[in-house]
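To start, the structure under review is shown below, and the notes come after it.
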Amino acid sequence: MVTRAGLEVPWLVPAVLVVVVVALVVGLLLRDRRGTTPVANTDDLRRVPALRAWRVRYRVLRVGVALAVAVAAVAAAVLAARPVTVQERTRELATRDIVLCLDVSGSMLEYDERVVATFEQLVEGFTGERVALSVFDSTSATVFPLTDDYELVTSELRRAREAFAGDDEDEQADVFRGTAGIEGQASLVGDGVASCTLLFDQYDATRSRSVVLATDNEVWGSPVYTMPAAADLATSRGVVVYALYPVDDDEFLGASTAAELRIAAEGTGGTFAVVADPGAVPTILDRVQDSQLTAMQVDPEQVVTDDDDPWVWLLYVTGLAVVVLAWRVRA
């Protein structure tokens with residue numbers, strides 16, 4: 001990042017300086033030509049100490065007024081020229097797109113807080129990636145689309161985590177909104193993964209596409225997409241699925257649901273891990289970062305900030321000085 005200070009209209013300052021110098025020269029010339037009117041019998045007065053001191057003060061005050069006016073004029077000129085600070089930032093954007101895909105069915109509720117916290121850890125390691133969050137049960141809902149606005153991302157993830165951590169049904173309902181569209185069915189994982197896969201855009205661009213999926217793969221109902229079919233859809237669109245399986249007991253890893261999820265994720269080129277595994281997040285993050293195809297250099301961004309505070313104070317102080325000194329001269 002390069003920072004520089006400058007003026008938006010720089011020619012104003014020298015123009016005002018010329019005007020001030022000309023005014024001072026003209027004033028001095030007129031003063032010399034005007035001269036003084038002699039008064040008889042005043043020679044002795046010039047030698048009176050009190051009068052001499054008064055004349056010195058008078059001249060000093062007049063010079064002070066002239067200098068204060070000149071400085072105030074320069075300060076006003078600089079303010080009119082608009083002093084600014086320009087920051088030039090060069091950014092490198094990653095070409096990674098990540099969709100965080102969260103199962104919010106009833107069987108997942110006790111794990112959802114931990115899963116969202118895991119997602120927050122993932123986001124902390126991102127630099128320039130675009131991230132989206134989609135939640136699903138019998139139907140899917142997009143919490144936020146692909147974005148690199150990490151303030152929004154962390155805010156929404158925090159809101160979701162706090163909703164799962166608390167007992168406020170209204171907060172949970174807000175997170176679940178749009179996920180219970182089919183009555184009598186739940187946790188249609190294949191449809192949820194398919195919806196997450198379809199969130200990606202810019203298919204004409206060279207970008208890596210990853211889905212970080214958290215689900216127990218317990219399906220209740222008749223989905224349009226089975227998990228293998230959803231994995232095939234992801235593969236056909238160049239999407240890699242990284243699965244997080246929310247169990248704490250290793251004996252569940254032998255279940256058919258876990259095996260199907262592992263096969264589907266690894267079939268797309270992704271990984272399978274348990275939420276409780278402390279190495280799951282770093283592994284997924286490393287794999288996602290390794291999928292970087294190329295980094296895009298964007299045009300430098302210029303941020304212009306007004307930097308006129310010192311000049312405002314200078315104009316205020318010199319303006320006040322002009323008023324006070326002029327009053328003393330008249331007095």
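What's counted below: heavy atoms across the whole structure, side chains too, no hydrogens, waters or symmetry copies.
Using a 4.0 Å cut-off between charged side-chain N and carboxylate O, E266 and R262 make a salt bridge. Salt bridge R237/D232: absent, no basic N to carboxylate O contact under 4.0 Å. Between R209 and D97 there is no salt bridge, since no side-chain N of the basic residue sits under 4.0 Å from a carboxylate O of the acidic one. E120 has no carboxylate O lying under 4.0 Å from a charged side-chain N of R158, or vice versa, which leaves the two without a salt bridge.
In this structure, S105 contributes its side chain and S187 its backbone to no donor-acceptor pair below 3.5 Å. Formation of a donor-acceptor pair under 3.5 Å by the D137 side chain with backbone atoms of T139 is not found in this model. No donor-acceptor pair closer than 3.5 Å links the side chain of E156 to the backbone N or O of F144. Side chain of T226 to backbone of A229: a donor-acceptor contact under 3.5 angstrom is found.
L146 is listed as a side-chain neighbour of D201, based on a closest heavy-atom distance under 4.5 Å. T147 is not listed as a side-chain neighbour of V131, based on a closest heavy-atom distance of 4.5 Å or more. Side-chain atoms of L102 and F136, non-hydrogen and from C-beta on, never get closer than 4.5 Å to each other. Counting only heavy atoms from C-beta outward, the side chains of L213 and L261 approach each other to under 4.5 Å. With contacts defined as side-chain heavy-atom distances shorter than 4.5 Å, the pair P228/E260 qualifies.
For the pair V239 and T268, the tightest heavy-atom approach, listed with the atom from each and the gap, is O-CB, 3.8 Å. Closest non-hydrogen pair, A141 versus R177, comes out as CB-O, 3.4 Å. Nearest heavy atoms, S140 versus G192: OG-CA, 3.6 Å. Closest heavy-atom contact between A194 and Y225: CB-CD1, 3.7 Å.
V135 is connected to L152 through a chain of hydrophobic side-chain contacts under 4.5 Å among Ile, Leu, Val, Met, Phe, Trp and Tyr, so both are in one cluster. Transitive grouping of hydrophobic side chains (ILVMFWY, heavy atoms separated by less than 4.5 Å) brings V189 and I182 into a common cluster. In terms of hydrophobic clustering, with Ile, Leu, Val, Met, Phe, Trp and Tyr side chains grouped at heavy-atom distances under 4.5 Å, V99 and L198 are assigned to different clusters. Under the 4.5 Å side-chain heavy-atom criterion for Ile, Leu, Val, Met, Phe, Trp and Tyr, L315 and V312 are members of the same hydrophobic cluster. Taken together through direct or relayed side-chain contacts under 4.5 Å among Ile, Leu, Val, Met, Phe, Trp and Tyr, F176 and L100 form part of one hydrophobic cluster.
Of the inter-residue distances, the one linking S195 atom OG with L233 atom CG reads 9.5 Å to the nearest 0.5 angstrom. Interatomic distance, OG of S208 versus CD1 of I98, reported as 6.5 Å (0.5 Å rounding). Atom CZ of F272 is separated from atom CD1 of I284 by 10.5 Å, given to the nearest 0.5 angstrom. Between the CD atom in Q185 and the OG atom in S222 there is a gap of 5.0 Å [rounded to 0.5 Å]. Here the straight-line distance linking atom CZ of R130 with atom CG of L199 works out to 11.0 Å at 0.5 Å rounding. Considering CD of E129 and CZ of R207, their distance stands at 9.5 Å, rounded to 0.5 Å.
Under a cut-off of 6.0 angstrom, the local environment of CZ in F200 is crowded, with over 12 non-hydrogen atoms contributed by other residues, nucleotides or ligands.
In this model, no donor atom of one side chain and acceptor atom of the other lie less than 3.5 Å apart for N217 and T215.
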Audit row: V211, V240, side chain to side chain contact (heavy atoms under 4.5 Å, CB included) steps and yes/no: CA-CA 6 Å; V211 168; V240 178; over 6 Å; no
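Taking A321 as the reference, A68 meet the side-chain contact (heavy atoms from CB on, under 4.5 Å) condition, with sequence neighbours excluded. Annotation: side-chain contact (heavy atoms from CB on, under 4.5 Å) contacts of P223 (sequence neighbours excluded): L188, D191, V219.
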